[in-house]
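Okay, structure first, notes after.
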Amino acid sequence: MSTSEIPAATPGRAAPATAAPGPVTADDLARAVRLSVALLRTAPAAAWEGGPAGSLEWDCWETTEHLADDLFAYAAQLGPAAPPLDREVPFDWHRRRPGGPANAVHADRAAGPAGLLQVLEACGALLVAMVRTTPPHVRAHHVFGRSDPEGFAAMGIVETLVHTHDLAAGLGLAWEPPPGLCARVLARLFPDVPPGAAPWPTLLWATGRAELPGHPRRTRWRWDGTVRTDPHGEAPPRAADAPGRADRSP
């Protein structure tokens, strides 16, 4: 996801103060993917034919492929015995049309929406498995900051929640994920968000998709994937200009 997404607005809602959210887990990621796939399966086949995903320039098929590709790529970063700390695992990402998403993962169009969602489900399962089985001290490169398995789980959840928001707008579906899930990924990846609004509108604001009271919609944004409490005392640089996939997608 890039720092320049500008999709549809959702108003913020006041929320009472709560205890600090807990850590992001593989179960959280599995739940996010499961809820997303279950919702998308309710869309009629005709809804997948050509319309944009919300305010994105991609259609709903392309956006779902992109989401699957993100989940796959995060799993791949954790896969090597010694994950790369300064680059991505070098898959061949390419666009099938000018302006389309640059993916390593593409679904067979002949399989229809059901096959596309199976690809999404499978890629989500790969990341869930890697988060469950990778030791917490492991670090791997991401252009928004070297991260740990929990961080990659949180990134996968943000991708899933906000791109399902895009897809729901394009497919004519209603989508509002669990507030606790949103609160945990906000705490992990967006520690600087303003307090006082409910977690889901705040996540939409943090990713450039909504306004909040007193806070206009962002036109540039990024998360912070770095591990703020690092048992090794590492302070890896925030790789704003590092090579990678961050410039390829919303």
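The chain is numbered in sequence order, starting from 1.
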Report task. Return each pair, listed once, that meets salt bridge (Lys or Arg N to Asp or Glu O under 4.0 Å) where at least one residue sits in residues 101-117; pairs must be two or more places apart or across chains. Result -> none
**Report entry** Over all atoms of both residues, closest heavy-atom pair of A198 and P201
**Finding:** O-CD, 3.3 Å
Report task. Start with the C-alpha gap between R146 and D86, add the side-chain angles, then the distance that decides, and say whether salt bridge (Lys or Arg N to Asp or Glu O under 4.0 Å) holds. Result -> CA-CA 8 Å; R146 188 182 299 175; D86 58 354; over 6 Å; no
Query raised in the report: For Q77, which residues count as a side chain to side chain donor-acceptor pair (under 3.5 Å) partner, sequence neighbours excluded?
Result: none
Requested in this report: Report the residues that fulfil side-chain contact (heavy atoms from CB on, under 4.5 Å) with P135, sequence neighbours left out, ordered by chain and then residue number.
Outcome: H137, V138
Query raised in the report: Which residues satisfy the side chain to side chain donor-acceptor pair (under 3.5 Å) test with T25, sequence neighbours excluded?
Result: D28
Which pairs of donor and acceptor atoms, one on a side chain in residues 30-39, lie under 3.5 Å apart (sequence neighbours left out)?
{"unit_1": "S36", "atom_1": "OG", "unit_2": "T164", "atom_2": "OG1", "d": "2.7"}

Query raised in the report: Between A43 and W48, which heavy-atom pair has the shortest distance, and what is it?
Result: CB-NE1, 3.7 Å
Report summary line: Residue set satisfying side-chain contact (heavy atoms from CB on, under 4.5 Å) with P194, at least two apart, ordered chain then number -> W205, L212, H215
Report summary line: Sequence neighbours excluded, the answer for side-chain contact (heavy atoms from CB on, under 4.5 Å) partners of P177 is L161, W175, C182, W200
Query raised in the report: Residues in salt bridge (Lys or Arg N to Asp or Glu O under 4.0 Å) with D59, at least two apart?
Result: none
Name every donor-acceptor pair, under 3.5 Å, that has one atom in a side chain of residues 115-122 and the other anywhere in the protein, sequence neighbours excluded.
{"unit_1": "E121", "atom_1": "OE1", "unit_2": "R41", "atom_2": "NH2", "d": "3.0"}

Query raised in the report: So, for L71 and G124, which heavy atoms are closest and what is the spacing to 0.1 Å?
Result: CD1-CA, 3.8 Å
**Report entry** side chain to side chain donor-acceptor pair (under 3.5 Å) partners of E150, counting only residues at least two apart
**Finding:** none
Query - Backbone of L127 reached by a side-chain donor or acceptor of R132 within 3.5 Å - result: no
Report summary line: Distance col, row D148:CG vs T134:OG1, nearest 0.5 angstrom, shows 10.0 Å
Query raised in the report: Do D224 and F144 come within less than 4.5 Å of each other through their side chains, counting heavy atoms only?
Result: no
**Report entry** Sequence neighbours excluded, every pair satisfying ring-ring contact (aromatic ring centres under 6.0 Å, His included) that has a member inside residues 99-118
**Finding:** H94-H106
Report task. Could you pull out all residues at least two apart from W61 that satisfy side chain to side chain donor-acceptor pair (under 3.5 Å)? Result -> E65
